[in-house]
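Here is the structure we will look at.
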Amino acid sequence: MSKIGRYGEFGGQYVPETLMNAIHELEEAYQKYHADPAFQQELQTLYRDYANRPSMLYYAKKMTKDLGGAKIYLKREDLNHTGSHKINNVLGQILLAQRMGKTRIIAETGAGQHGVATATAAALFGLECEVFMGVKDMERQSLNVYRMQLLGAKVTGVESGTGTLKDAINEAMRDWSANVESTYYLIGSVMGPHPYPQMVRDFQKVIGVEAKRQLMELEGKLPDCVVACVGGGSNAMGLFYDFIPDSGVRLVGAEAAGKGVDTALHAATIAKGTTGIFHGMKSLFLQNEEGQIAPVYSISAGLDYPGIGPEHANLFRTGRADYVAITDEEAVQAFEYLSKTEGIIPAIESAHAVAAAMKIAPKMGKNQVMIINLSGRGDKDVYSIARYRGVNLNEQN
Amino acid sequence: MNRIERKLHQLKQNGEKAFIPFVTAGDPNLETTEKLVLGMIESGADLVEIGVPFSDPIAEGPVIQRASKRALDSGTTLVGIFGMVRRIREKTDEPLLLMLYLNSIFRFGKERFFHLCAECGVDGVIVPDMPFEERDEILDVAQQHGVISINLVAPTSHDRIAAIAKQARGFLYCVSSTGVTGTRSSFTTDFSEFFGLIHKYASIPCALGFGIARPDQAKTMSTYCDGVIVGSAIVKIVEQNRENSLKPVTDFVKSMKQAILKP
C-alpha cells in the first residue's frame, strides 16, 4: 500500500465535503476498536455463538472424482447464520456503530444477503435499520425483501438509474449525507471510500485465515488454488487476503459475464472496465468514454455491479490474482451441478465461483488442492433459476 | 485575474451580492441551455454554473437527478457542452463555471479537459465529490490553464474549514445544510455560527448554496455572505416548461437578483 487507503493507484476517499468528517471519525473509531481486545473478544464470541463460525471446510469428494483433477474443498460460508459470508462484516461494523453512538443503520443491498445480514444484526442490537434496494432487485429477490421486513427493517425501493445495486448505493450515500450525525452507513463490500475497503476486508479475512488453518489440519499444506466470486469483492477478498503472501497459491476471482463479455449485457469489470472515480473510490469501472457509468447485467443480483473493490483492482493490475468471467448459463449449470453432485444448493453468486472451478480443476493435478468459497446458499435463487429454465412455480409476481 | 475573481471583486466594491444560478446542460437540449445561460446573464445573473449531467449524481436530490437523466437521454456530451460554452463565450464576458463529478474530468482526461476549459472560456469548476484531501487530482492542471477549482465547506466541516478556506480561490462554496441538493422549506443550520467560523479564515468571497428557492430565502441568506447559489428551483422551472423555459427562468432570476440587491 503506497499510502493509507490506497492500493497502488486505487482507493482513496472521494466523497462530498459533508461526509468528510464522518469518514474521518469512522477511520479513527475503526483504528481504535480494531486494536481493542474487548472489541475483538465480543466479535469472536458473536462469530462463534451467533454466526456459527468457524464455517466448515468440506471435502467435495464426488465433485473431485467427477472433475478428475484437483482435490476440491468447499469453504461453507453458506452455513453461516443468515446464509452467507455477509454476516462476518456486518457483526464487526455493527459493534463499531454501537460504540460510535450511532442510533440508525443504513445499508445497500443487491441480492439481499447483505441487507438481510444487516437487518439481522440491527434487530439483535436494537438499532433502527433502513435498507436501500433497487426495484429490479426487489422483484427478483422478493424473498429476501420479506425476510428483511420480518427482521424489522424498512426496505426502500430505489427506482432511479437501473434499479440495481449501484443505484441502491447512490441512494444510501444520499441518505447518509442528509443524516450523517445519527446514521451509520454499513457498506457490504470491499468498496467505497477508505476505510471501508480495508475494514470490510479485515472483517472478512476470517474466511481465509480459517480455511488455511483447516486445510493445514486436513492436508498438511497450503492450497494450490483458491476461487471466489467477485461483485464488489468482499467474499473473495476475505478468502484471498491471508494467502496473498503465499506466492504459490493461485488466487482466482469469478466475475459475472451475463450474456457474454462481448455483448452489452454483462458485469465483467475486470475484463472490460477502465480506471475511474466513483462511489468514493478510484478503481475499475464499466463506463463509456465520457465517464458515464454503464448499465450492467447479470442473472445474479449480488454481482450486478459496474465496479470492483480497489484492492481487487490492484491485485489484478499487479498480476497477483486472476479473474475469469462466467456467463449466466455457466453459472446456472454450476448451480444445478453442485446441487445434484454434492447436495448443496449454492447462491447464484457462488455458483459463478463453482463454474470457474469446474474449468480450472480438471487441468490441475490430482495431488493439487483447490478451495472454492461457497459464499452463500441458494434458497433465495430457486425462483429465478426456475424462471431461467422456463419452469413456472406459480409465483404471485 | 480570472473572470470569477474580477467579477466578485467588482460586486464587492459596489456593495452588491452575487446571484449565481445553475442549470443542467442539455436539459431538455443544449440549444435551450444556451439561451437560458445568456438570458439569465441579461436578467442579472453574475456568474453561471453549468451542470454537466452524470449517470449517477450522488450529491443531487431528485430534481437535478431527473434533469441529468433528461440531458443524457437527449444525447448530451461533454464535447457538446464545450461547444455550447464556446458559443456563449462569444456573446458574454461574465464568469462561467462547470459543475461536474470527478469521473467526468478523470475519464475525459484532465489535460484535455482543462485545455478545452481555457479554450472555450470556462473560468472555474465545482467538483462535489472531490474533497479537499483529493484536490491534487486536478489542482495543478487546472491552475496551469488558469481555471479555478472551487472549494466547498459544509455545516459538518467544523475544524476542516480553516485549511479549506485558506486555500480557496475564486469564492468559497458554502453548503447550507447536510444532504443533497434540492429546495428546502426551512434550514436547521446555525448560520451565525457557521459563517462565524468561515469568516475567521476566508479572505475571499463566500457564496451560499443548496436549498435556496425563494426571494425571501435569498434575501435572508445573502446577509451572511457575498452571494447565493440557486440550482434546483431553476431546474424545476425548466422541467415544467422545457423548450419554453426562457421567460419563466429569466423572470425568476430577476426576482431573485432584486431580492438581494440592497438591504
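In what follows, chains are A, B, ... by sequence order, proteins preceding strands, each numbered from 1.
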Can you say whether [X] sits under 4.5 Å from chain A via the side chain, the backbone, both, or neither, judging by heavy atoms?
{"X": "B:Pro155", "result": "neither"}
{"X": "B:Phe54", "result": "both"}
{"X": "B:Glu137", "result": "side chain"}
{"X": "B:Ile105", "result": "neither"}

Beyond-backbone contact of A:Arg174 with B:Pro57, side-chain heavy atoms, under 4.5 angstrom:
yes

Could you check if a side-chain atom of B:Thr178 sits within less than 4.5 angstrom of a side-chain atom of A:Ser177, using non-hydrogen atoms only?
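Side chain of B:Thr178 against side chain of A:Ser177, heavy atoms only: no contact under 4.5 Å found.
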
Straight-line distance of [X] [atom1] to [Y] [atom2], nearest 0.5 Å:
{"X": "B:Ile58", "Y": "A:Tyr14", "atom1": "CD1", "atom2": "OH", "result": "13.5 Å"}
{"X": "A:Gln287", "Y": "B:Phe106", "atom1": "CD", "atom2": "CZ", "result": "8.5 Å"}
{"X": "A:Ile277", "Y": "B:Met130", "atom1": "CD1", "atom2": "CE", "result": "9.5 Å"}
{"X": "B:Ser55", "Y": "A:Phe278", "atom1": "OG", "atom2": "CZ", "result": "6.0 Å"}
{"X": "A:Met173", "Y": "B:Asp56", "atom1": "CE", "atom2": "CG", "result": "11.0 Å"}
{"X": "A:Thr18", "Y": "B:Leu152", "atom1": "OG1", "atom2": "CG", "result": "8.5 Å"}

Should A:Glu181 and B:Thr156 be marked as a side chain to side chain contact (heavy atoms under 4.5 Å, CB included) after you check the CA-CA gap, both sets of side-chain angles, and the distance that decides it?
CA-CA 9 Å; A:Glu181 301 287 342; B:Thr156 52; 4.0 Å; yes

Using a strict cut-off of less than 4.0 Å between a Lys/Arg side-chain nitrogen and an Asp/Glu carboxylate oxygen, indicate whether A:Glu17 and B:Arg160 qualify as a salt bridge.
yes

Would you mind checking if A:Arg6 and B:Glu134 are paired as a salt bridge, meaning a charged N to carboxylate O distance below 4.0 Å?
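Judged by the 4.0 Å cut-off on N to carboxylate O distance, B:Glu134 and A:Arg6 do form a salt bridge.
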
Measure distances from [X] to the heavy atoms of chain B and classify the residue's part below 4.5 Å as side chain, backbone, both or neither.
{"X": "A:Ser160", "answer": "side chain"}
{"X": "A:Thr274", "answer": "side chain"}
{"X": "A:Asn288", "answer": "backbone"}

B:Val79: which residues meet the side chain to side chain contact (heavy atoms under 4.5 Å, CB included) condition with it, sequence neighbours left out?
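Testing B:Val79 for side chain to side chain contact (heavy atoms under 4.5 Å, CB included), a comparison that skips the adjacent residues, returns A:Glu290, B:Thr77, B:Phe108, B:Arg112.
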
Options B:Leu72, B:Val52, B:Val175, ranked by heavy-atom pairs under 4.5 Å with chain A, top entry
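Max contact count across the listed options: B:Leu72.
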
Please determine, among B:Ser177, B:Ser157, B:Gly61, the option with the most heavy-atom pairs under 4.5 Å with chain A.
B:Ser157

Interface residues of residues 187-211 of chain B facing chain A - heavy atom cut-off under 4.5 Å:
none

Assess whether atom CD of B:Gln143 is packed by more than 12 heavy atoms of other residues, nucleotides or ligands within 6.0 Å.
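Yes.
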
Are more than 12 heavy atoms from other residues, nucleotides or ligands located less than 6.0 Å from atom NZ of B:Lys236?
no

Are the side chain of B:Arg107 and the backbone of A:Gln292 linked by a donor-acceptor contact shorter than 3.5 Å?
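Pair absent, no side-chain N/O of B:Arg107 close to backbone of A:Gln292.
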
